[in-house]
Amino acid sequence: MKELPKVYDPKAVEKKIYDMWLQGGYFKGKIDPEKEPFTIVIPPPNVTGQLHLGHAFDETLQDVLIRVKRMQGYSALWVPGTDHAGIATQIKVEESLREQGISRHDLGREKFLEKVWEWKEKYGGRIVEQLKTLGSSCDWDRLRFTMDEGCSRAVREVFVSLYEKGLIYKGERIINWCPKCRTALSDAEVEHEEKEGKFWHIKYPVKDSDEYVVVATTRPETMLGDTAVAVHPEDKRYRHLIGKKVVLPLMNREIPVIADEYVDMELGTGCVKMTPSHDPNDFEVGQRHNLQQILVMDEEARINENGGKYAGLDRYEARKQVVKDLEEQGYLVKVEPHVHSVGSCYRCDTIVEPVTSPQWFVRMEPLAKEALEVVRDGRIKFVPERFVKNYTNWMENAHDWCISRQLWWGHQIPAWYCADCGHITVSREDPDKCEKCGSTNITRDEDVLDTWFSSALWPFSTLGWPDKTPDLEYFYPTSVLVTGYDILFFWVARMIFSGLEHTKQVPFRTVLFHGLIRDEKGRKMSKSLGNGVDPMEVIETYGADALRFNIITGNSPGNDMRYYNERCEAMRNFANKIWNASRFVLMNLTIGKNELPEKLELEDKWILSKLNSLAKEVNENIDKFELGIAANKIYDFIWDNYCDWYIELTKPRLNGEDEEAKIGAQKVLLYVLTETLKLLHPFMPFITEEIWQALPHEGEALMIENYPEFNEAIDFPEDEAKFEIIMNAIRAVRTRRAEMNVPPSKWPHLTIVTSKKDVFKAGLTYLSKLAFAGEVTITGTQPDVMEGLVGVITNDAKLYMPLAELVDIEKERERIQKELKTAAENLRRTESKLSNQGFLAKAPEEVVTAEKERAEKLRALIENLEDSLKALN
RNA sequence: GGACGAUUAGCUCAGCUGGUAGAGCACCCGCUUGACGUGCGGGUGGUCACAGGUUCGAGUCCUGUAUCGUCCACCA
């Protein structure tokens with residue numbers, strides 16, 4: 001039999017075990033018509049990124065699910081992959097080039113892209129290796145990348161087909177512009193934050209009149225692009241001005257006063273400046289009134305040539321100057337403090353500028369309809385359910401999705417502009433001429449697609465779509481999508497409508513949302529705060545299993561969790577506990593086969609029955625995605641039931657003379673341990689596999705064994721209850737001894753007075769060993785002489801020990817009186833319940849019965865306590 | 001302006017469909033108990049944020065309030 005070291009060393013086994021799994025090919029998803037498929041696609045991490053705790057959370061949940069399903073007999077497939085992460089990656093490469101004093105423009109598009117691919121090759125493997133370190137059982141042969149050939153083809157197909165259906169269009173619209181990344185962003189990519197700002201009230205004089213109107217703005221520099229002032233059509237104050245002109249200060253441009261219902265008469269002065277090129281609302285109004293659009297900023301948000309003397313100034317410089325000039329020229333009425341929401345780029349945190357720009361959009365309304373239905377009617381289930389509301393709200397109000405980005409890294413848009421006729425050719429194959437006029441003078445759109453455009457296709461592009469592959473046929477729709485709630489809109493929503501539109505099926509049946517991992521102060525982990533915890537370091541210190549178990553048990557579905565090293569330490573200790581329990585079993589093992597003995601002792605039945613309930617409950621919890629609860633139950637079973645009780649209980653047999661009893665104990669020890677390792681395996685794959693390999697076994701690997709489930713053959717609820725009676729007695733004696741500071745060397749005679757003599761007889765040896773009893777007498781009648789005896793009372797017995805010399809009478813009296821008091825209080829409450837007619841009439845029978853029993857026991861207890869009190873005198 | 005989440009032991013968190021509150025860590029008292037001191041036995045500690053309501057019975061369901069947090073919203 002194999003010797004295990006005294007302390008579990010994860011570093012010595014994790015790598016070895018992982019390689020063994022790879023060798024065995026156990027991660028491979030195989031099409032098997034006999035089996036039901038279970039598929040997960042990984043939320044692809046940034047190809048050049050590093051694993052952080054958020055990933056670790058995500059991957060652990062997925063790995064637990066996929067391992068459980070694999071063991072349950074499904075044909076399990078977990079598709080891994082990485083994301084090209086357009087902006088994020090491009091920024092990184094540009095930064096590294098900048099250190100060498102090079103900009104991407106110096107290199108040109110083609111050379112720059114070469115650099116990015118090099119970068120991808122250099123760092124692309126890192127995160128994959130880190131996923132393996134965690135234990136992820138992905139099918140690595142199917143590793144995908146959002147810009148690999150297949151995914152690119154899927155992107156192209158989707159773009160063209162949506163264009164053909166009129167669901168993708170190009171238009172000049174207001175979009176969010178990031179002046180630092182110099183690209184358009186979608187609404188989802190803008191983070192809004194309430195900020196202290198100012199509200200500037202400005203006079204606009206009415207032309208040929210002494211009158212003026214006052215408008216207010218939070219962004220005075222945009223007035224350079226004002227092309228109208230709007231009032232409400234029914235506003236009596238301004239009705240006479242409608243159709244007249246006002247003179248735009250500083251620019252001296254005459255702009256019309258228009259009437260539009262958009263204006264709220266109650267708000268401010270009731271006059272609104274219109275800047276159609278720099279405000280989404282104004283843009284809408286502008287469309288209705290055919291207003292001129294004047295863009296006053298360039299792509300770095302500096303004032304452009306349309307901004308008169310302010311041209312060249314940065315937007316905030318321009319703001320200062322504009323305000324100063326307005327003030328000097330007497331146009332500034334007042335300045336108020338004002339809190340308003342400011343949007344920033346989610347990648348670089350620069351404040352975005354709403355500007356009009358020609359971009360590509362996906363029309364959301366037609367796509368949203370079914371995407372809403374499938375979630376409402378449960379064809380896609382959200383766990384926890386509350387996220388349905390977020391989703392619905394977003395989907396119902398989603399604006400058209402701006403998908404073009406002014407970047408180089410990504411899927412270039414397959415659209416060609418004809419220089420001769422202006423037609424746009426959108427095509428699956430690169431065209432060499434305009435499809436309309438045949439001119440060869442065509443140029444391809446420079447822009448690339450939003451990263452999330454390709455991610456949206458991930459569940460089916462990774463399975464071979466647009467081809468009708470056997471994989472797609474078998475493994476799609478996928479089963480569960482596991483992801484953080486923070487990318488519900490970015491990704492989950494878009495996968496849903498994309499899946500429906502292109503595959504006519506839901507992309508997944510269930511979405512399991514998890515929260516964010518925060519630092520110990522509850523803050524988001526971020527680079528700028530420097531509070532990030534590197535999972536690789538955690539694994540180095542505590543082992544992957546400890547990290548996984550910490551993450552799984554430390555949270556409830558959908559909620560954020562704080563990361564504590566202390567918890568990892570506790571989980572490492574747990575791993576060590578299992579390790580040593582297994583060592584114990586191994587060093588006592590003389591058998592080579594795992595089977596249950598013919599004859600089972602009471603405690604055997606107890607542990608087997610406990611194990612059986614555990615298996616049942618764990619399966620139920622996992623079905624409901626309550627992974628943390630399942631893991632906790634396994635933890636408790638191993639530590640409390642198996643280690644602290646059962647192992648101790650087997651020692652008399654193992655160390656005794658009776659060969660049959662010895663073998664019997666070994667068999668049950670081995671059986672229960674093996675089943676427990678199976679239950680625990682998905683959560684702590686490495687240590688369980690390592691131990692299993694050291695135990696007598698038949699299969700190749702624990703990870704492909706069958707997951708335990710409820711088994712009638714080891715279900716002994718009555719014996720389980722009987723044994724609990726003995727356990728209670730043992731606990732009561734221990735408590736008593738501890739209270740009285742009885743030295744461990746003292747093993748007094750124990751007299752048990754009980755009506756359940758059989759039960760106690762069956763547990764005789766264990767009573768003496770675990771309750772430190774010298775001799776044990778089991779009787780149905782009270783001892784004749786009570787003097788000098790110390791009593792303990794349980795629900796089923798009175799136990800006496802001759803320990804009088806250790807008793808401090810005063811203390812003892814106090815103790816009993818205290819116990820008496822609580823017992824009396826409990827009895828009072830129980831009796832008041834039982835005298836309540838409503839309770840008797842309406843509570844379920846078993847609750848009433850339980851209450852009656854409780855009352856009886858309390859009465860007996862009180863009687864016993866009173867006797868003991870008397871005996872003290 | 002909406003929506004959601006949190007509020008339970010000193011700390012971090014569990015607590016499913018309502019039946020007299022749990023874990024880990026911390027703390028206190030014991031223990032060289034032949035698997036494990038990364039351990040063993042015992043223990044202290046909670047009017048489950050607050051106010052109402054439903055119910056025989058409410059951390060658990062309903063309504064409202066407070067504090068903290070998050071998301072959404074075209075709030076000149």
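Chain letters run A, B, ... following the sequence lines, proteins first and then strands; every chain starts at 1.
- In this model, the phosphate group of B:rG43 is approached by a side-chain N or O of A:T735 to a distance below 4.0 Å at OP1 or OP2.
- Using atom C1' as the reference point in both B:rA49 and B:rA6, the two lie 11 Å apart (nearest Å).
- Across all strands, A:A570 comes closer than 4.0 Å only to sugar-phosphate atoms, never to a base (heavy-atom distances).
- With RNA chain B read from its 5' end, the first of the two nearest nucleotides for A:P557 and A:G838 is the one closest to A:P557.
- Counting only heavy atoms from C-beta on, A:A581 has its side chain closest to B:rA35 among B:rG15, B:rC72, B:rA35.
- Across all strands shown, A:E648 has heavy atoms under 4.0 Å from base atoms, whether or not it also approaches the sugar-phosphate.
- The side-chain tip of A:K203 points at the ring of A:Y212 from less than 6.0 angstrom away and within 45° of straight on.
- When the C1' atom of B:rA73 is taken as reference, atom CD of A:E191 falls 16 Å away, rounded to whole Å.
- Between the side chain of A:R562 and the base of B:rU12 there is no donor-acceptor pair of N/O atoms closer than 3.5 Å.
- Of the C1' atoms belonging to B:rA73 and B:rC13, the separation is 33 Å, rounded to the nearest Å.
- Considering only side-chain atoms of A:K651, the nucleotide from B:rU70, B:rG42, B:rA35 that sits closest is B:rA35.
- Note: A:F683 and A:F549 have perpendicular aromatic rings, judged against thresholds of 30 and 60 degrees for the angle between ring planes.
- Across B:rC72, B:rG5, B:rU38, the shortest atom-to-atom separation from the side chain of A:R386 is found for B:rG5.
- Residue contacts for A:G543: at a heavy-atom cut-off of 4.0 Å it reaches no nucleic acid atom on any strand shown.
- Contact annotation: A:K577 reaches the phosphate of B:rC40 (side-chain N/O to OP1 or OP2, under 4.0 Å).
- Using the six-membered ring where Trp is involved, A:F490 and A:Y346 have ring planes that are parallel, under 30° apart on the 30 and 60° scheme.
- The one candidate from A:Y391, A:F513, A:F387 that meets the side-chain contact (heavy atoms from CB on, under 4.5 Å) condition with A:V492 is A:F513.
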Given pairs defined as Watson-Crick or G-U wobble with both distances under 3.5 Å, what dot-bracket annotation applies to RNA chain B, with ( ) intrastrand, [ ] crossing, | other strand and . unpaired?
(((((((..((((.....[..)))).(((((.......))))).....(((((..]....))))))))))))....
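- Just one residue in the list A:V13, A:N573, A:N580 forms a side-chain contact (heavy atoms from CB on, under 4.5 Å) with A:Y8, and that residue is A:V13.
- Between A:S556 and A:E626, every side-chain heavy-atom pair lies at or beyond the 4.5 Å cut-off.
- Contact annotation for A:W639: backbone-only contact, meaning every heavy-atom pair under 4.0 Å involves sugar-phosphate atoms and none involves a base.
- In this entry the distance linking OH of A:Y8 with P of B:rC36 reads 19 Å, nearest Å.
- Put simply, A:K624 has no side-chain N or O that comes within less than 4.0 Å of OP1 or OP2 on B:rC16.
- At B:rG37, none of the side-chain N or O atoms of A:N580 fall inside 4.0 Å of OP1 or OP2 (strictly under the cut-off).
- Base engagement by A:D264 is indicated by at least one non-hydrogen atom pair under 4.0 Å involving a base atom.
- More than 12 heavy-atom neighbours from other residues, nucleotides or ligands sit within 6.0 angstrom of CD on A:E336.
- The closest donor-acceptor contact from the side chain of A:N576 to the backbone of A:V7 lies at 3.5 Å or more, if one exists at all.
- As rounded to the nearest Å, B:rG41 and B:rG34 have P atoms that lie 14 Å from one another.
- Protein atom NZ of A:K746 is 19 Å distant from nucleotide atom C1' of B:rG41, rounded to whole Å.
- A:R518 has its CZ atom 19 Å from the P atom of B:rC11, to the nearest Å.
- At distances below 3.5 Å, at least one donor-acceptor pair connects side-chain atoms of A:D282 with backbone N or O atoms of A:T275.
- At the heavy-atom level, A:R854 lies under 4.0 Å from base atoms of the strands shown.
- No hydrogens or angles were tested; on distance alone, nothing pairs the side chain of A:K389 with the base of B:rC4 as donor and acceptor under 3.5 Å.
- Going from the C1' atom of B:rG19 to that of B:rG5 covers 28 Å, rounded to whole Å.
- The side chain of A:I629 sits closest to B:rG15 out of B:rG15, B:rU70, B:rG19.
- If you check every strand for non-hydrogen atoms under 4.0 Å, A:K6 touches sugar and phosphate atoms only.
- With a glycosidic angle further than 90° from 0, B:rG43 counts as anti.
- Rounded to the nearest Å, the gap between the C1' atom of B:rU60 and that of B:rU55 is 13 Å.
- Ring geometry, A:W639 versus A:F574: the interplanar angle falls under 30°, so the pair is classed parallel (tilted spans 30 to 60°).
- Atom P of nucleotide B:rC4 and atom CG of A:N559 are separated by 15 Å, given to the nearest angstrom.
- A distance-only check finds a donor-acceptor pair linking the side chain of A:T269 to the backbone of A:V214 [under 3.5 Å].
- When heavy atoms are screened at a 4.0 angstrom cut-off, A:H338 is found touching no nucleic acid atom at all.
- B:rG24 and B:rA66 have their C1' atoms separated by 30 Å, with the value rounded to a whole Å.
- B:rG19 atom C1' lies 13 Å from atom CG of A:L834, rounded to whole Å.
- Using C1' as the reference atom, B:rG10 and B:rG46 are 12 Å apart when rounded to the nearest Å.
- Distance check on atom C1': B:rC4 versus B:rC11 gives 26 Å, rounded to whole Å.
- Across all strands shown, A:P844 has heavy atoms under 4.0 Å from base atoms, whether or not it also approaches the sugar-phosphate.
- Using a 4.0 Å heavy-atom cutoff across all strands shown, A:D644 reaches sugar-phosphate atoms only and no base atom.
- A:K633 has no side-chain polar atom (N or O) that falls below the 4.0 Å cut-off from OP1 or OP2 of B:rA23.
- Counting any heavy atom pair closer than 4.0 Å across all strands shown, A:Y635 reaches sugar-phosphate atoms only and no base atom.
- Residue A:E617 is out of contact with every strand shown, counting any heavy-atom pair closer than 4.0 Å.
- The side chain of A:K273 places no N or O atom within less than 4.0 Å of a non-bridging phosphate oxygen (OP1 or OP2) of B:rA76.
- Using a 4.5 Å heavy-atom cutoff, the side chains of A:H192 and A:V190 are in contact.
- In this structure, A:F199 atom CZ and B:rA76 atom P are separated by 7 Å, rounded to whole Å.
- In this structure, A:S341 reaches the bases: a heavy-atom distance under 4.0 Å links it to at least one base atom across the strands shown.
- A:R572 comes within 4.0 angstrom of a base, heavy atoms only.
- Between A:S556 and A:R583, the residue anchored closer to the 5' end of RNA chain B is A:S556, taking for each the nucleotide with the nearest heavy atom.
- The CZ atom of A:F549 sits 13 Å away from the C1' atom of B:rA14 (whole-angstrom rounding).
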